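For reference, the structure is listed below as structure tokens.
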Number of protein chains: 2
Amino acid sequence: MLTAGAMMKGARLSYAESGGTVSDPEHPKGDPTRPVTISYIAETAGVSIPTVSKVVNGRPGVAADTRARVEALISEYGYRKTNRKNVMELVFGELEDMWGMEIIRGVERVAREQRVGVVLTEFGPPQDSVGHPIGDMLARRPACVVTVAQLSQEQRDELQAKDIPFVVFDPTTELPDGVPYVGATNWAGGRSATRHLAQLGHRRIAMIAGPDRILGCRARLDGYRSALEVAGLSVDTDLVVRAELTTQGGRVAALDLLSGPERPTAIFACNDLQALGVYQAARELGLRIPADVSVVGFDDLPVAALVDPPLTTVHQPLNQMAAAATEMALALGRGERPQIGLELATTLTVRESTSSPADQ
Amino acid sequence: MLTAGAMMKGARLSYAESGGTVSDPEHPKGDPTRPVTISYIAETAGVSIPTVSKVVNGRPGVAADTRARVEALISEYGYRKTNRKNVMELVFGELEDMWGMEIIRGVERVAREQRVGVVLTEFGPPQDSVGHPIGDMLARRPACVVTVAQLSQEQRDELQAKDIPFVVFDPTTELPDGVPYVGATNWAGGRSATRHLAQLGHRRIAMIAGPDRILGCRARLDGYRSALEVAGLSVDTDLVVRAELTTQGGRVAALDLLSGPERPTAIFACNDLQALGVYQAARELGLRIPADVSVVGFDDLPVAALVDPPLTTVHQPLNQMAAAATEMALALGRGERPQIGLELATTLTVRESTSSPADQ
DNA sequence: CTGAAAGCGCTTACAG
DNA sequence: CTGAAAGCGCTTACAG
């Protein structure tokens, strides 16, 4: 065995001499297909294996310059723990037809570029005890996790304890400071949807608001209020109705709003499913969209462009949000310190479900 | 160290005595959260670690009864190699909003039950050389592969060479005998869609057929023809129009069919997207569905229930097909010999886009 | 067929 | 801060 001093001076050569029949000192034992191991990095850096282990796992007890040198080699040789597999996890509470695919696509795109496999996990409802998705996920030792499921504090602690970085996708509740997340600008989206209606000349603009327990719903509602104020319109509490984020919820709320004596000329729904419920209600009441009532949704689900009339809605950049979350998670997995909290801008997509009330 | 004989008699106890402060002999070192290791299985079975290793990896050189005993313990304690890649791959050519999620769900459900992670891979168009999805997939050494992408003969050969079993999901071309696949009963589905229209009393039933290169489209067309014959109706070649499987394709074909002098009273579209194109065409021509023309689709995409009127369509059990493909692939991965070729029954979902021509 | 021995990549606890 | 030592789960090559 060589001394540490000898290793520091001519590390690569000494490795080659001690180990194998090497001609190319760039690769361990001269075999380019052989994975770079912790011992190779240690020898090349002129430090011990435990020191590299500490750097790799982000543990303290390594001098800054030593750490820097080792990190440089790790990145130069593309070292990865052989049993730390090259996969990340994408966790859903439940795989939703309407939203899921855009998220999956965004994650997949970035992961593919970085040559990381994506394991898709569905936690399912807690009472559904089929399988052990959480334990199985931890056993896979993923490089990082992007979670669409709202993890409990316990689950987050468990990931932290196992040193698996994670990013929460579109959090529905307030997270403690320091928990990485990617969301959308819900407040700004609610504001621009409402401003659009006000600019078309609507004065009686109703909102079907979602449940208060969902943070994004509150933000959308506040955006609605803010835009009304800016437009010099008062917030009429009769024009705000709560409903679950479903087609049925939207339908019932809209029947309520549209059956009254002084019905609104426009409805902003908290999401597209609710907006489709407004379509149903309008049909039932014999009202035309947008001639009798304008409708704006939120999300821009694929179905929004397919319905009749095509739905004006606030586009959530799910694909880009997912990509950003994945980049963040993978960076954390590499031990980098990215910005850990992002909201991506929503954009209003104007289709044919809105018009000026003058047309009515 | 205890002798093998002593271990065979009181294996669990001996492990507890030798190792730790155990009270519950059911779990290694008394810790139920601690994973079951190869050494625990070896000691419990009264064999050496290498012997268990051979069993786990399916290598020869183990007596049949020893193997059986070890396998029983492995299954009893749910042993899994800590670093073993307990993953399978689900491969898409392109992740499609409309179809993908149901497939993913079906795969996920079965994989979760069998405690296997699902790595989702998108091959992407060949010219898109970002990443190396195929090589990366092989490097992950998955237990098996379910592929929605139509693999080339070469790719199939490569998987075979690496001993990775695979199942083709809904093959669009004829496969060589012996290639495992799961599809749907396209011919029967085309037949029942057409029979439904004939039973409603339609005599002029048109079909928008898909491209001939897609096997399932040919089957649906033949099902249409077969049902017409059974109903005593002649196959009028003017009533069969080819179109790509898109909304635009369906629209153009429907405009063609519905603008003629003797227009059909019903249209069977080869898929739901085409059927949505028929909706557009009808709107443009001022025709009502189903009053002026009945429409049947194929696939039962989520959007089918949401459009106005809700679309009568042939339901493809994508979820069950995916589950069956996954069971097949995992069984192949375990070295079993399942039935390797299945078509799952489609079912007609009658909604509101079809009615008797008498109503017209 | 079986398992002792050597070895691999990596982690942990701890002495200096 | 550093790394020698012990240890872990597992694999491989080989002696019996």
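Computed from a predicted model, the values in this text were never measured in an experiment. Order of the sequence lines fixes the chain letters, A, B, ..., with proteins taken first and strands second; residue numbering starts at 1 for each chain.
Side-chain proximity of B:Val47 to C:dG3, C:dC1, D:dT11: nearest is C:dG3. The nucleotide whose nearest atom lies closest to any side-chain atom of B:Thr37 is, among D:dC10, D:dT2, D:dG3, D:dC10.
Although no hydrogens or angles enter the test, the distance criterion places a donor-acceptor pair under 3.5 Å between the side chain of B:Glu108 and the main chain of A:Glu122. At least one donor-acceptor pair under 3.5 Å links the side chain of B:Arg112 to the backbone N or O of A:Phe123. Panel note: side chain B:Gln155, backbone B:Ser152; a donor-acceptor pair is recorded below 3.5 Å. Side chain of A:Arg69 to backbone of A:Ala45: a donor-acceptor contact under 3.5 angstrom is found. Within the 3.5 Å criterion, the main-chain N or O of A:Pro142 finds no donor-acceptor partner in the side chain of A:Glu89. Without hydrogens or angle criteria, B:Thr326 side chain to B:Ala322 main chain gives a donor-acceptor distance under 3.5 Å.
With P as the reference atom, C:dC1 and C:dA5 are 22 Å apart, rounded to whole Å.
Between the CD1 atom of B:Ile49 and the P atom of C:dC1 there is a distance of 20 Å, given to the nearest Å. The CG-C1' distance, from A:Asp65 to D:dT2, rounds to 12 Å in whole Å. A:Ile38 places its CD1 atom 19 Å from the P atom of D:dG7, with the value rounded to the nearest Å. Remark: P of C:dC1 and CZ of B:Arg69 are 14 Å apart, rounded to the nearest angstrom. Summarising the geometry, the separation between CD1 on A:Ile41 and C1' on C:dC10 is reported as 14 Å, rounded to the nearest angstrom. The CZ atom of A:Arg67 sits 13 Å away from the C1' atom of D:dT2 (whole-angstrom rounding).
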Pairing pattern in dot-bracket form [Watson-Crick, G-U; both distances under 3.5 Å; | = partner strand] for DNA chain D: |||.||||||||.|||

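Within the 4.0 Å cut-off from OP1 or OP2 of D:dT2, at least one side-chain nitrogen or oxygen of A:Thr66 is found. When the side-chain nitrogen and oxygen atoms of B:Thr51 are compared with OP1 and OP2 of C:dG3, one or more of them lie within a distance under 4.0 Å.
B:Gln153 pairs by the side chain to side chain contact (heavy atoms under 4.5 Å, CB included) definition with B:Arg156, B:Asp157, B:Pro176, not counting sequence neighbours.
Residues A:Val52 and B:Pro60 both approach DNA chain C. Their nearest nucleotides, taken by heavy-atom distance, put B:Pro60 toward the 5′ side.
Less than 6.0 angstrom separates the ring centroid of A:Tyr77 from the ring centroid of A:Tyr40.
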Full working for side-chain contact (heavy atoms from CB on, under 4.5 Å) between B:Leu342 and B:Met328: CA-CA 10 Å; B:Leu342 284 181; B:Met328 192 185 291; 3.9 Å; yes

Under 3.5 Å, which N/O atoms of the protein pair with N/O atoms of nucleotides 12-16 of chain C?
residue	atom	partner	partner atom	Å
C:dT12	OP2	A:Arg59	NH2	3.3

